[in-house]
Amino acid sequence: MEPLNCQPLPASSARSSNFIRDIMVSDLDSNKYGGRVQTRFPPEPNGYLHIGHAKAIYLDFGLADQFGGHTNLRFDDTNPTKEETEYVESIKESIRWLGYHWDGLYHASDYFDQLYEWAIKLIRMGKAYVDDLSADQIREYRGTLTAPGRESPYRQRPIGENLNLFERMRAGQFPNGSRTLRAKIDMSSPNLNLRDPVMYRILHAEHHRTGNKWCIYPMYDYAHGQSDAIEGITHSMCTLEFEDHRPLYNWFIEQLGIFPSQQIEFDRLNLTYTLLSKRKLLRLVSEGLVRGWDDPRMPTLVGIRRRGFPPEALRNFCAAIGVTKTNGTLELEMLEHFIREQLNHEAPRVMAVLRPLRLIIVNYPEDGVEQMEAINNPEDPGAGTRKVPFSRVLYIEQEDFREHPPKQYYRLCPGREVRLRYAYFVTCTGLVKNDRGEIIEVHCTYDPKTRGGQAPDGRKVKSTIHWVSATHAVDAEVRLYEKLFTKTDPDEVEEGKDFTSNLNPNSLAIVRPAKVEPSLATAAVESRYQFERLGYFCVDPDSAPGNLVFNRTLALKDTWARIEKSDAAGR
RNA sequence: UGGGCCGUCGACUAAUGGUAGGUCAAGUGCCUUUGGAGCACUUUGUCUAGGUUCGAAUCCUAGCGGCCCAGCCA
């Protein structure tokens with residue numbers, strides 16, 4: 001057979017091999033699955049997807065795609081007490097947002113009937129039995145990591161009795177927890193998962209899809225592999241902690257003689273300054289430590305989206321980080337790099353002033369207004385230009401003026417000439433302070449011959465600063481985000497404390513009103529911009545006409561900040 | 001201390017017995033109408049000890065270190 005891996009791969013994935021791709025290539029070469037690659041993404045609908053899932057999605061969908069394969073979306077809904085339909089739509093929406101499309105849409109619950117039949121088959125084969133032990137007793141009988149378990153007294157129950165009892169379990173004749181169906185494997189196995197694992201438990205609970213049809217529900221281990229087999233999944237990827245489950249995954253498939261799906265485990269994504277545990281994220285939300293699941297500081301996909309991370313950047317990130325079986329933690333900076341790279345490429349530039357300082361051009365006509373031509377995106381000539389109104393009174397950034405400039409500070413200060421981006425050279429001639437000694441106004445003269453930003457005599461200025469025209473500017477609320485936690489490992493805490501003690505008190509700062517150029521007045525929700533010299537910003541869903549709200553996605557890399565920092569450290 | 005998995009620059013990841021390479025981070029310089037972006041250069045690495053081999057990150061042995069497993073969660 002012609003190896004499919006000879007086909008050119010998409011540019012984004014044209015990098016070195018990884019062990020999963022190697023397995024796929026080898027399976028294709030050996031024709032193990034008739035030339036097919038079929039994967040699945042199996043979220044449990046009990047919470048929101050996070051950046052860790054983005055990696056799984058990238059692998060499940062992306063890898064299959066590279067070999068012309070297919071990917072199913074399968075909701076792993078075997079526990080009605082935890083799962084809710086409200087999560088289903090959000091999960092689907094996040095997958096679509098990331099840019100992926102599933103082939104089949106299934107639920108583990110679609111297979112409850114088949115799973116039940118297979119359970120009966122295993123009972124008939126003498127490979128499963130109904131156990132009357134309580135949860136506590138089962139734990140006791142299971143043994144420990146170092147000591148073997150003991151067989152349940154019900155283990156040798158006759159097949160007919162097992163059949164009868166299991167049927168009555170299903171019929172609802174027994175209360176929750178009173179009995180289970182267990183696989184009969186090996187109570188002395190060093191792998192705890194093989195010590196007669198529970199296949200079914202009694203749960204008198206309404207299921208979000210099957211309603212009250214069932215009161216017994218399959219466990220993950222009994223449901224997952226068989227669901228894979230039913231769908232003809234060839235490569236079933238999951239995270240490392242399931243390695244110990246693989247022998248069980250294979251055991252059910254072998255006993256049942258069904259399609260031999262194979263489970264492949266990879267390393268979960270860990271990021272510095274980031275928590276990716278559903279339980280802890282839930283605490284942040286329920287205790288009001290963030291504003292919700294889609295708070296832009298959250299690592300959830302809905303949060304990241306609201307923050308303004310482009311989906312393409314996430315895909316590039318996943319492609320770059322690779323996949324292995326090594327447990328590690330990625331530096332957040334790696335993620336941020338791919339966000340900036342994408343945004344630099346696609347975000348239109350605009351001017352906005354976060355902390356306005358009035359600048360008056362004393363030699364400019366009182367009511368003069370000019371439309372200055374500005375480039376929308378220097379990285380993309382096709383993005384064209386726009387007009388930005390200029391007038392006598394402007395706002396500049398407070399940070400861009402110093403009465404007493406430190407060394408290496410190139411921005412505006414008394415006597416210094418700088419360029420106003422896309423406008424004129426201006427020279428500071430004076431300043432005005434209030435009673436408290438704060439600078440409230442800067443006075444400048446402009447050189448009319450430098451219109452557009454070039455001096456005909458060829459003289460240079462050391463810096464260019466951004467501005468908005470005071471009369472034309474639009475007010476906006478700007479939400480500035482920083483890392484949610486102060487420690488690279490948010491779980492690193494003193495005795496008696498938990499991760500909430502590592503919350504960064506400055507993770508959200510609201511600036512209001514910021515002054516933005518008028519072209520932003522009609523900016524659509526979710527559209528992404530670069531505020532020149534400041535960073536990348538996007539329009540928050542809270543935004544409305546006349547009430548603009550922006551989120552800072554990420555600040556630009558700031559060489560000056562680094563100079564200041566190392567300067568302070570050096571002193 | 002039963003079992004499983006894993007150890008390559010500060011971080012992540014390639015090299016599939018044959019030149020230890022890439023990305024991020026850090027640093028230096030160039031360039032610049034964003035102190036952005038870009039470009040160039042630089043620093044740092046095969047857990048340890050033996051062994052096999054002409055040749056070992058790769059194979060073998062023994063250590064050391066890390067992660068996971070005792071839910072009727074997934």
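Given the structure is predicted, the values throughout are model-derived calculations rather than measurements. Note on naming: letters A, B, ... go to the chains in the order of the sequence lines (proteins, then strands), and numbering restarts at 1 for each one.
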Can you tell me how far C1' in U28(B) sits from the matching atom in A20(B), rounded to whole Å?
25 Å
Using atom P of each nucleotide, how far apart are A62(B) and U23(B) to the nearest Å?
39 Å
A14(B), C24(B), A74(B): which one has an atom nearest the side-chain heavy atoms of Asn18(A)?
A14(B)
Taking the inter-plane angle between the rings of Tyr409(A) and Trp560(A) on a 0 to 90° scale, is it parallel (under 30°), tilted (30 to 60°) or perpendicular (over 60°)?
perpendicular
Mate of A40(B) where both pairing distances stay under 3.5 Å, Watson-Crick or G-U
U28(B)
Please verify the inter-ring angle class for Tyr220(A) with His245(A); under 30° counts as parallel, over 60° as perpendicular, anything in between as tilted.
perpendicular
Under 3.5 Å, which protein N or O atoms sit close to an N or O of nucleotides 34-37 of chain B? Give each pair with its distance.
| residue | atom | partner | partner atom | Å |
| --- | --- | --- | --- | --- |
| U34(B) | O2 | Gln530(A) | OE1 | 3.0 |
| U34(B) | O2 | Arg533(A) | N | 2.7 |
| U34(B) | N3 | Gln530(A) | OE1 | 2.5 |
| U34(B) | O4 | Arg349(A) | NH1 | 2.4 |
| G35(B) | OP1 | Arg533(A) | NH1 | 2.8 |
| G35(B) | O3' | Thr559(A) | OG1 | 3.2 |
| G35(B) | O2' | Thr559(A) | N | 3.4 |
| G35(B) | N7 | Arg411(A) | NH1 | 3.0 |
| G35(B) | O6 | Tyr410(A) | N | 2.7 |
| G35(B) | N1 | Gln408(A) | O | 2.7 |
| G35(B) | N2 | Gln408(A) | O | 3.4 |
| G36(B) | OP1 | Thr559(A) | OG1 | 2.5 |
| G36(B) | N2 | Arg349(A) | NH1 | 3.2 |
| G36(B) | N2 | Glu379(A) | OE2 | 3.1 |
| A37(B) | O2' | Asn344(A) | ND2 | 2.9 |
| A37(B) | O2' | Glu379(A) | OE1 | 3.4 |
| A37(B) | O2' | Glu379(A) | OE2 | 3.1 |

Nearest-angstrom distance, C1' atom, U19(B) to U58(B):
15 Å
Return yes when atom NE2 of His345(A) has more than 12 non-hydrogen atoms of other residues, nucleotides or ligands closer than 6.0 Å, and no otherwise.
no
Atom pairs, protein N/O to nucleotides 1-6 of chain B N/O, distance under 3.5 Å:
| residue | atom | partner | partner atom | Å |
| --- | --- | --- | --- | --- |
| G2(B) | N9 | Leu145(A) | O | 3.2 |
| G2(B) | N2 | Pro190(A) | O | 3.3 |
| G2(B) | N3 | Leu145(A) | O | 3.0 |
| G3(B) | N2 | Asp244(A) | OD2 | 2.8 |
| C5(B) | O4' | Glu243(A) | OE1 | 3.3 |
| C5(B) | O2' | Glu243(A) | OE1 | 3.4 |
| C5(B) | O2' | Glu243(A) | OE2 | 3.1 |

For C12(B) and U48(B), measure between their C1' atoms and round to the nearest Å.
24 Å
5' to 3', nucleotides 39-45 of chain B under a 4.0 Å protein heavy-atom cut-off (B base, S sugar-phosphate only, - none) gives -------
